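Input: a single structure, listed below in structure tokens.
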Protein chains: 2
Amino acid sequence: MIGIAEVARYAGVSTATVSRALSGNGHVSPATKLKVETAARELGYVVSSTASSLASGRMKNIGVVVPFLNRWFFTSVVEGAQRALLRNGYDLTLYNLTGDGIERQSVFEHFLLRQRVDAVIAVSLELTEDEIFRLHALGKPLVGVGGLIEGVRTLAIDDIAVARLATEHLLGLGHTRIAHIGGSQHYDLDFHLPTNRRFGYEAALTAAGIPLDPELDEDADFTIQGGYHAAKQLLGRPHGRPTAIFAASDEMAIGSILAARDLGLSVPRDVSIVGIDDHELAEFFGLSTIAQFPQGQGEKAVEILLDQLHPGQHDQVELNTPLPVKLIVRSSTARPGE
Amino acid sequence: MIGIAEVARYAGVSTATVSRALSGNGHVSPATKLKVETAARELGYVVSSTASSLASGRMKNIGVVVPFLNRWFFTSVVEGAQRALLRNGYDLTLYNLTGDGIERQSVFEHFLLRQRVDAVIAVSLELTEDEIFRLHALGKPLVGVGGLIEGVRTLAIDDIAVARLATEHLLGLGHTRIAHIGGSQHYDLDFHLPTNRRFGYEAALTAAGIPLDPELDEDADFTIQGGYHAAKQLLGRPHGRPTAIFAASDEMAIGSILAARDLGLSVPRDVSIVGIDDHELAEFFGLSTIAQFPQGQGEKAVEILLDQLHPGQHDQVELNTPLPVKLIVRSSTARPGE
DNA sequence: GTGAAAGCGCTAACAC
DNA sequence: GTGTTAGCGCTTTCAC
């Protein structure tokens with residue numbers, strides 16, 4: 001292992017100068033800087049991140065905590081975060097909390113607190129007060145993505161507004177019997193996201209003067225399978241079949257499309273279906289949806305954190321811009337048939 | 001930040017003893033060990049991983065490099081690896097090589113080599129000789145998952161055998177016009193996986209005395225969309241429609257099922273379809289497939305690496321057990337219709 | 001079984 | 001702008 005001393009000797013300068021030249025902290029004349037860089041390259045020198053971290057207190061590493069990995073939203077956020085971090089010379093350490101609470105406790109007790117990360121991104125994860133307290137106590141910036149965390153800067157779309165917009169899209173087309181497929185209480189662990197989307201749906205109906213019909217509300221688990229099952233129940237009933245379905249996620253909306261097909265119903269002629277996400281399969285299924293941009297959310301989370309870690313070094317992140325969403329109308333929604 | 005010194009003082013021992021007691025390296029009397037553990041807990045002490053790494057040379061961190069994240073196979077491997085690492089007190093640093101080659105170079109130049117990881121898992125990634133050489137030069141164990149890497153211990157199913165098995169399943173049911181949807185040359189970047197699966201398909205047909213028909217071979221990109229498009233071409237032709245399709249991945253097989261439905265063909269009555277993977281949606285679509293177990297592959301990769309890092313400390317990993325695969329027959333395959 | 005002390009390789013004052 | 005040097009907080013010989 002070739003160290004900073006060799007580089008210094010080779011370049012004919014001190015180790016301090018090598019450190020400064022390579023890290024960009026502190027002033028070094030352009031000439032020496034070049035000399036050092038050349039020396040480092042020729043010797044194949046790479047800083048020891050542990051030594052560097054120990055001396056500087058900076059890890060150049062941020063922790064990303066997700067509840068699952070096998071979901072489009074989460075992996076997209078991680079991809080976005082990864083890309084932004086790579087650009088800035090940071091590593092991404094991934095903590096996947098799938099499974100029992102023991103894993104979760106372990107992550108907090110022994111990993112995050114082990115001074116391995118400069119900051120933490122919590123994706124769709126409700127942290128306990130204690131967990132937040134401990135992170136704050138360590139001076140670790142923390143940002144949430146995908147749901148509100150008490151007392152923590154969070155990046156999340158306005159679930160109520162988005163659900164309302166989706167429902168209004170259906171109302172605007174002339175639908176009045178609009179069903180909702182949303183999350184069950186069980187799924188409400190993180191952030192009341194299902195609850196908020198239901199609120200948006202109900203608000204839109206109420207504003208349009210349409211009474212809520214509990215018969216038109218089915219629970220599902222945010223998967224294609226779950227959406228399929230729920231839609232079957234809604235669309236299979238002999239009387240009062242809805243003419244439109246608002247599913248709280250694209251996965252469930254896709255399941256609904258498949259359910260409609262299996263029942264011999266045509267989308268959108270017999271039933272219109274709208275989702276939320278703009279999932280990678282949404283276009284393939286012609287699904288009308290409200291796009292959110294999870295990769296962008298991951299990138300933005302990183303920018304916010306880096307801004308906190310190095311104030312003023314980055315383009316000022318617009319902290320208060322609401323997250324973008326976009327209604328994308330494809331072929332799964334139309335005016336109700338006669 | 002409370003350090004090892006405080007714990008030592010609090011427990012009335014030396015820092016050396018604290019280190020030994022907490023890390024399990026070296027002998028400490030049960031009594032002192034208990035004292036130290038109590039002290040550490042009461043003071044809320046957590047080792048500084050950077051200091052520990054610098055002093056010991058161990059990072060307790062392994063790097064996982066993937067070409068994408070938004071694919072079921074990759075996230076499954078990562079999940080499995082993560083779980084196994086967590087159990088062993090290791091962190092997982094994720095490198096996603098999506099995008100241009102610059103990212104890739106950057107990962108190798110500035111990240112992996114920065115002494116951040118003890119070992120590397122490369123998932124479905126063909127490494128260059130130079131990349132392998134550099135990792136070996138650093139003494140970093142390396143294991144590949146999902147494809148052979150020259151000169152590197154690799155975990156991969158036998159693609160030829162698996163493809164052959166899938167094809168034989170169709171042959172055994174009595175099919176003779178069996179189409180293949182596989183990867184294009186373009187996708188062949190990593191490991192000739194598509195090529196190997198094609199070989200297996202061809203071998204099965206040849207062994208059964210069935211001549212290969214280039215008309216029955218379509219390229220796709222391993223996505224649902226790609227499989228859909230390819231299957232449409234195969235199933236839409238007026239003459240010589242295949243009675244069965246072997247798709248080289250479940251995503252493409254699912255796309256094929258959807259294509260058949262859209263053409264008004266019934267699966268499996270009009271066309272049988274088999275895939276490879278046992279994707280999370282396979283059961284939902286009733287897809288017959290050859291299961292591989294990516295989570296298990298990720299776990300096993302970790303076990304192999306830990307075994308190399310701490311020889312003899314773990315249950316001996318069976319290095320030479322072939323990776324398990326399993327034919328799962330569901331409702332997408334049947335005898336050909338009349 | 002336990003303690004003393006010498007590093008691990010770098011960064012950041014502080015001097016010049 | 002550059003060099004000197006004292007740590008950063010542990011681990012690990014080497015004594016005892």
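Letters go in sequence order (proteins before strands), and every chain restarts at 1. All figures in this text were calculated on a predicted structure; none of them were measured in a lab.
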State whether [X] places a side-chain N or O below 4.0 Å from either non-bridging phosphate oxygen (OP1 or OP2) of [N].
{"X": "R58(A)", "N": "dC8(D)", "answer": "no"}
{"X": "S14(B)", "N": "dG3(C)", "answer": "yes"}
{"X": "T15(B)", "N": "dC10(D)", "answer": "no"}
{"X": "T17(A)", "N": "dG3(D)", "answer": "yes"}
{"X": "S48(B)", "N": "dG9(D)", "answer": "no"}
{"X": "T32(B)", "N": "dT2(C)", "answer": "yes"}
{"X": "S29(A)", "N": "dG1(D)", "answer": "no"}

Would you kindly give the [atom1]-to-[atom2] distance between [X] and [N], to the nearest whole Å?
{"X": "K33(A)", "N": "dG1(D)", "atom1": "NZ", "atom2": "P", "result": "12 Å"}
{"X": "Q115(B)", "N": "dC10(C)", "atom1": "CD", "atom2": "C1'", "result": "11 Å"}
{"X": "R116(A)", "N": "dG9(D)", "atom1": "CZ", "atom2": "C1'", "result": "15 Å"}
{"X": "M59(B)", "N": "dC10(D)", "atom1": "CE", "atom2": "P", "result": "16 Å"}
{"X": "M1(B)", "N": "dG9(D)", "atom1": "CE", "atom2": "P", "result": "9 Å"}
{"X": "I4(B)", "N": "dT11(D)", "atom1": "CD1", "atom2": "C1'", "result": "8 Å"}
{"X": "R9(A)", "N": "dG3(D)", "atom1": "CZ", "atom2": "P", "result": "14 Å"}
{"X": "K60(B)", "N": "dT11(D)", "atom1": "NZ", "atom2": "P", "result": "11 Å"}

| message | Parallel, tilted or perpendicular, judged at 30° and 60°: which one describes the rings of F68(A) and F74(A)? | response | tilted
| task | Using heavy atoms to find the nearest nucleotide of DNA chain C for S56(A) and S56(B) separately, return the residue whose nucleotide is more 5′. | result | S56(B)
| message | If you assign L54(B) and A16(B) each to the DNA chain D nucleotide with the nearest heavy atom, which residue ends up on the more 5' nucleotide? | response | L54(B)
So, do [X] and [Y] sit near enough that their side-chain heavy atoms are less than 4.5 Å apart?
{"X": "M59(A)", "Y": "D118(A)", "answer": "yes"}
{"X": "E37(A)", "Y": "L22(A)", "answer": "yes"}
{"X": "R83(B)", "Y": "L86(B)", "answer": "no"}
{"X": "V120(A)", "Y": "Y95(A)", "answer": "no"}
{"X": "L127(A)", "Y": "L142(A)", "answer": "yes"}

| Where the side chain of A55(A) is concerned, which of dG3(D), dC10(C), dT11(D) is the nearest nucleotide? | dC10(C)
| query | Where along residues 18-28 of chain A does a heavy atom fall under 4.0 Å from DNA chain D? | reply | R20(A), H27(A), V28(A)
| Residue of the set V78(B), L97(B), L125(B) for which side chain to side chain contact (heavy atoms under 4.5 Å, CB included) holds with V66(B) | V78(B)
| Heavy-atom pair with the smallest gap, counting every atom of V18(A) and A8(A) | CG2-CA, 3.6 Å
